[in-house]
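It should be emphasised that the depicted structure is a prediction, and the values quoted were computed from it without experimental measurement. Read the numbers this way: they start at 1 and go in the same order the structure lists the ligands and their atoms. One is the number of the first residue; the rest follow in order along the sequence. Atoms considered below: every heavy atom in the structure, side chains included; atoms not considered: hydrogens, waters and symmetry mates.
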Amino acid sequence: MPRLKLAVLASGRGSNLQAILDGAKAGKVNAEVVVVLSDKQGASVLKRAAGENIPALWIDPKSFLEKKDYEAELLKQVKEYRADYIILAGYMRILSKFFIRNAGIPILNIHPSLLPSFQGLDAQKQAVDYGVRFSGCTVHFVDEGVDTGPIILQAVVPVYPEDTVEALSLRILEQEHEVYPRAIQLLSEGRVICRGRKVILSD
Ligand code: GRF
């Protein structure tokens with residue numbers, strides 16, 4: 001199986017990027033990150049990528065007249081690096097329909113809740129405030145909605161009554177670092193089959 005080429009879009013810390021890179025180094029993820037694109041100057045994720053000799057580009061959304069122009073530049077980079085998948089890893093902007101329709105390759109996201117619960121921002125705070133007993137994370141394909149696309153993998157963690165948002169976030173993050181690399185590996189093995197909104201994982 002050829003290695004999947006991943007274009008990672010991220011805005012911050014980059015721990016999910018790191019988990020994917022570590023999985024690849026350990027031979028558990030048959031993929032390579034070909035470019036990391038960030039909307040945030042100096043984001044840790046860019047430093048992590050550069051440290052691994054991966055092209056790491058800050059593309060400033062403010063330097064474009066319209067969101068569409070900014071997104072067209074992102075897509076230009078994704079195509080230039082011949083990515084097979086776009087991996088959102090803490091990318092804090094909502095991609096427009098224009099981007100999604102013109103990407104030409106699947107887009108994956110990881111969200112820190114058990115979707116469809118707690119879509120959007122501050123999912124961990126939403127879970128703590130709601131008083132749910134369980135939360136977790138979801139790897140899903142991106143469609144034109146926000147956090148609504150077909151679900152590939154989920155992982156569950158307990159939520160305790162005394163939990164702070166930070167404590168829950170950390171518990172969820174540990175699972176994120178397991179499921180995102182695993183989902184990418186399943187894709188690389190051709191085991192992810194999309195049937196409408198249902199995703200079948202073949203043996
Ligand atoms: C993660 O919690 C992810 O679920 C959310 O943004 C955060 C990114 O963390 N989409 P990191 O930058 O990968 O460390």
Classify the side-chain pair Q185/S188 by whether it contains a donor and acceptor separated by less than 3.5 Å.
yes
With no hydrogens and no angle check, just 3.5 Å: does a side-chain donor-acceptor pair link E71 and S96?
yes
Check against salt bridge (charged side-chain N to carboxylate O under 4.0 Å, His left out), R171 and D163
CA-CA 10 Å; R171 202 174 301 130; D163 259 343; 2.7 Å; yes
Output block, N or O contacts of ligand 1, threshold 3.5 Å exclusive:
unit_1, atom_1, unit_2, atom_2, d
ligand 1, 2 (O), E176, OE1, 3.3
ligand 1, 2 (O), E176, OE2, 3.0
ligand 1, 4 (O), E176, OE1, 2.8
ligand 1, 4 (O), E176, OE2, 3.1
ligand 1, 9 (O), R13, NH2, 3.0
ligand 1, 10 (N), I110, O, 3.0
ligand 1, 12 (O), G14, N, 2.8
ligand 1, 13 (O), S15, N, 3.3
ligand 1, 13 (O), N16, N, 2.9
ligand 1, 13 (O), N16, ND2, 2.9
ligand 1, 14 (O), R13, NE, 2.6
ligand 1, 14 (O), R13, NH2, 3.2
ligand 1, 14 (O), S15, N, 2.8
ligand 1, 14 (O), S15, OG, 2.5

In sequence, state the C-alpha distance, the side-chain angles, and the governing distance for I100 and K97, and then conclude on side chain to side chain contact (heavy atoms under 4.5 Å, CB included).
CA-CA 5 Å; I100 290 155; K97 289 187 174 61; 5.7 Å; no
Got a donor-acceptor contact below 3.5 angstrom from the R191 side chain to the S202 backbone?
yes
For residues V33 and I20, determine if any side-chain heavy atom of one lies less than 4.5 Å from a side-chain heavy atom of the other.
yes
